[in-house]
Amino acid sequence: MTYAWEAAVEAQIRAAVERGEFDNLPGAGRPIPGRNLPYDEQWWIKGLLEREKISAEALLPTPLLLRKRAERLPEEVRDLPTEAAVRACAQELNTQIVAWLRTPTGPRVVVRPVDVDAVVGQWRAARARPVPDTAGVGEVPERRARRRWWRRAFRR
């Protein structure tokens, strides 16, 4: 009985080859990728992440994702234009953290809400730092000094 089934499958494959359904397949004539590498149990997960261009962080549990986002919050808000936008971003993260704290899932990891005022203070401090004067390279020294005075006089 097994032989009859195998013969039917072989006949279908032979017919598909005769019709040319296996011609011009992607990867034809090239070696199988990863053939000489040692066996990895999670090869398919790594392949999916690479193929779909998904960050490995997407596989982390929720508390670790929230903690990483809280650590990166100052860089995340650095380019926001207004204090209200910075506060909204920090509040949105706090909302997610509080929602997770109410019904924790995953590993027990300490995740605390961020201090919104501290984030805003860091944002203000980063904006107050002087920008290096690269536009004045090659200018006459008097014109460069005038430009610096103008920037200091009308800084927000």
Side-chain angles (χ1 to χ4, degrees), residues 9 13 16 20-156:
V9 170
I13 292 172
E21 292 182 13
F22 294 121
D23 296 343
N24 301 322
L25 289 176
R30 285 185 260 144
I32 298 172
R35 183 170 176 224
N36 296 327
L37 297 176
Y39 179 71
D40 183 10
E41 291 180 359
Q42 298 181 352
W43 63 269
W44 64 276
I45 294 174
K46 293 176 182 176
L48 174 73
L49 293 174
E50 184 178 326
R51 185 176 56 250
E52 300 295 327
K53 295 180 178 74
I54 300 172
S55 170
E57 279 188 10
L59 301 177
L60 290 176
T62 305
L64 293 179
L65 283 174
L66 292 172
R67 198 167 179 179
K68 278 186 163 284
R69 183 152 178 234
E71 290 171 0
R72 287 194 305 247
L73 190 61
E75 291 88 32
E76 189 177 321
V77 299
R78 181 180 342 156
D79 296 330
L80 293 179
T82 64
E83 183 177 320
V86 173
R87 284 186 184 282
C89 186
Q91 286 292 355
E92 187 263 332
L93 176 60
N94 279 345
T95 303
Q96 290 178 0
I97 291 172
V98 168
W100 179 79
L101 288 172
R102 286 189 179 136
T103 56
T105 57
R108 295 183 183 260
V109 177
V110 177
V111 182
R112 292 189 176 96
V114 296
D115 183 5
V116 177
D117 293 328
V119 172
V120 170
Q122 290 175 346
W123 175 80
R124 282 186 190 144
R127 292 181 69 90
R129 290 189 195 121
V131 178
D133 186 18
T134 57
V137 175
E139 285 185 343
V140 180
E142 296 85 23
R143 191 178 292 168
R144 198 175 318 150
R146 225 178 308 135
R147 181 179 297 210
R148 274 194 228 118
W149 176 85
W150 187 264
R151 283 188 188 151
R152 280 191 217 121
F154 295 100
R155 184 180 297 170
R156 292 184 206 181

Heavy-atom count check: over 12 atoms from other residues, nucleotides or ligands less than 6.0 Å from Asp23 CG?
yes
In Å and rounded to the nearest 0.5 Å, what is the CG to CZ distance from Leu66 to Arg69?
8.0 Å
Would you give me the side-chain donor-acceptor pairs under 3.5 Å for residues 37-58, sequence neighbours excluded?
from	atom 1	to	atom 2	distance (Å)
Asp40	OD1	Gln42	N	3.4
Asp40	OD2	Lys46	NZ	2.6
Ser55	OG	Glu57	N	3.1
Glu57	OE1	Arg72	NH2	3.3
Glu57	OE2	Arg72	NH1	2.9

Nearest heavy-atom contact between Leu73 and Cys89 is CD1-SG, 4.0 Å
Which pairs would a plain distance check flag for residues 103-124, meaning a side-chain donor or acceptor within less than 3.5 Å of a matching protein atom at least two apart in sequence or in another chain?
from	atom 1	to	atom 2	distance (Å)
Asp115	OD1	Asp117	N	3.3
Asp117	OD1	Arg87	NH1	3.0
Asp117	OD1	Arg87	NH2	3.3
Trp123	NE1	Val77	O	3.4
Trp123	NE1	Leu80	O	3.3
Arg124	NE	Glu83	OE1	3.3
Arg124	NH2	Glu83	OE1	2.6
Arg124	NH2	Glu83	OE2	3.0

About how many Å separate OG1 of Thr62 and CZ of Arg67, when rounded to the nearest 0.5 Å?
14.5 Å
Please report the interatomic distance CD1(Ile97) to CG(Leu93), rounded to the nearest 0.5 Å.
4.0 Å
